[in-house]
Amino acid sequence: GTYRTGQNVDLTATFAVGGNNVNVNVTGNPTIPVEVNTATGSRTATATYVTGTGTNQLTFRFTVEPGDRDLVDTNGISITSPAIVLGTGTITDPAGNPVALEFAPPNLSTVFLDGDAPTVTNVIQPQPRVYVTGDNLDVQVVFSEAVTVATAGGTPSIPLTINGTVRQANYTAGTGTNTLTFRYTPIAAADSASGAIAIGQIALNGGTIQDANTNNAVLTYTAPTVTGVVINRPGATVAATPGTYRTGQNVDLTATFAV
């Protein structure tokens with residue numbers, strides 16, 4: 001299976017002699033070292049004894065940490081030093097004799113870890129142009145991997161501050177891909193700006209943004225400075241009187257401003 005950040009991975013140690021199960025008694029906190037890949041290389045996770053004393057099966061547990069990423073290869077996790085480490089603990093048979101701590105390396109090739117939460121790699125501002133009442137303003141957010149957006153509990157949004165007034169750009173498209181579109185629509189007649197636009201942080205509003213293994217996306221980012229976006233500002237239409245003009249005559253251009 002695949003385990004994500006914060007989930008526990010349990011290892012079961014079974015004790016037997018000659019094919020016959022043997023109950024064991026545990027004191028303290030014995031451990032098993034487990035090798036996992038990470039975003040920066042690898043680490044040794046410590047699977048610590050949690051339960052099973054008085055039976056023939058002991059459970060050892062470690063927790064997936066951010067950055068654990070055995071999902072990126074086909075090898076899964078591994079135990080390169082196959083032996084239980086007692087530390088200050090003990091594991092004994094019913095007669096009080098210490099048990100053998102070494103074991104055959106198990107096949108853990110189907111145990112994968114995904115501790116990589118999606119992160120924002122880019123925020124794309126609305127296309128630079130002139131916008132008028134009724135138009136849409138789109139902001140795109142690019143993640144480090146494909147994400148799924150769930151809106152049953154609410155729709156994620158991004159606040160856009162337009163000339164001092166906060167408007168909401170709601171999630172509209174992109175689930176299943178690495179790029180989500182947030183749209184403020186329609187532009188209101190009262191909106192007016194020429195560069196005075198700020199992009200805020202994503203608010204989930206009860207929704208979720210997660211990767212395929214339900215790791216919650218990290219939603220913090222540095223928003224770009226919006227440039228070239230003009231909203232409901234007077235624009236000019238330039239025209240000249242049709243006709244043929246001869247040498248010395250003037251050609252007048254008329255600029256008409258309207259919103």
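When a residue number appears, it is its place in the shown sequence, counting from 1.
Using a cutoff of 4.0 Å between basic side-chain nitrogens and carboxylate oxygens, R167 and D191 are scored as salt-bridged. A salt bridge links R43 and E65; the closest N-O separation between the charged side-chain nitrogens and carboxylate oxygens is under 4.0 Å.
The CG atom of D68 sits 5.5 Å away from atom CG of L113, with the distance rounded to the nearest 0.5 Å. In this structure, CZ in R129 is found 10.0 Å from CD1 in I231, a value given to the nearest 0.5 Å. Rounding to the nearest 0.5 angstrom, the gap separating the CZ atom in F112 from the OG1 atom in T2 is 6.5 Å. Note that CD1 of I32 is 10.5 Å distant from CZ of F62, once rounded to the nearest 0.5 Å.
Counting heavy atoms from C-beta on, the side chains of Y184 and P126 never come closer than 4.5 Å. Taking 4.5 Å as the limit, some side-chain heavy atom of I124 sits within range of a side-chain heavy atom of N122. The side-chain heavy atoms of N232 and T133, taken from C-beta on, include a pair separated by under 4.5 Å. In this structure the side chain of L101 reaches within 4.5 angstrom of the side chain of L86, judged on heavy atoms. Residues I84 and I91 meet the side-chain proximity criterion, which asks for heavy atoms closer than 4.5 Å. Side-chain contact between L160 and F182 is absent, with no heavy-atom pair separated by less than 4.5 Å. Contact of the F143 side chain with the T121 side chain is not registered, since no non-hydrogen atoms from C-beta on lie closer than 4.5 Å. No side-chain heavy atom of I187 sits under 4.5 Å from any side-chain heavy atom of N136.
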*I would like to know whether Q57 and T14 meet side chain to side chain donor-acceptor pair (under 3.5 Å); could you show each step before the answer?*
CA-CA 4 Å; Q57 290 189 325; T14 302; 3.1 Å; yes
*Take T31 and T48 through the side chain to side chain donor-acceptor pair (under 3.5 Å) test and state the conclusion after the steps.*
CA-CA 4 Å; T31 60; T48 303; 5.9 Å; no
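Inspection of the T59 and T51 side chains reveals no N or O donor paired with an N or O acceptor under 3.5 Å. At a cut-off of 3.5 Å, with distance as the only test, a side-chain donor of Q168 or S157 sits close to an acceptor on the other residue. Defined by atom type and a distance below 3.5 Å, a donor-acceptor pair is present between the side-chain atoms of N215 and D114. There is no side-chain donor-acceptor pair under 3.5 Å between S78 and E35. Donor-acceptor pairing under 3.5 Å is lacking for the side chains of T92 and N97. Side chains of N216 and Q210: a donor-acceptor N/O pair is present below 3.5 angstrom, by distance only.
Clustering ILVMFWY residues whenever any of their side-chain heavy atoms sit less than 4.5 angstrom apart, transitively, puts V123 in the very cluster that holds L137.
Of the candidates D116, T214, N213, R4 forms a side chain to side chain donor-acceptor pair (under 3.5 Å) with just one, namely T214. Just one residue in the list I158, T151, T155 forms a side-chain contact (heavy atoms from CB on, under 4.5 Å) with N170, and that residue is T155. Screening L219, V149, L180 for a side-chain contact (heavy atoms from CB on, under 4.5 Å) with P156, the sole residue that qualifies is V149.
Judged by distance alone, the side chain of N250 and the main-chain N or O of D252 form no donor-acceptor pair under 3.5 Å. Here the side chain of S144 pairs a donor or acceptor atom with the backbone of T119 at under 3.5 angstrom.
No more than 12 heavy atoms of other residues, nucleotides or ligands lie within 6.0 Å of CD in Q127, so this atom counts as exposed by the packing criterion.
Residues V9 and Y3 share a closest heavy-atom pair of CG2-CG, 3.7 Å. For P94 against N23, the heavy-atom pair with the smallest separation is CD-O, 3.1 Å.
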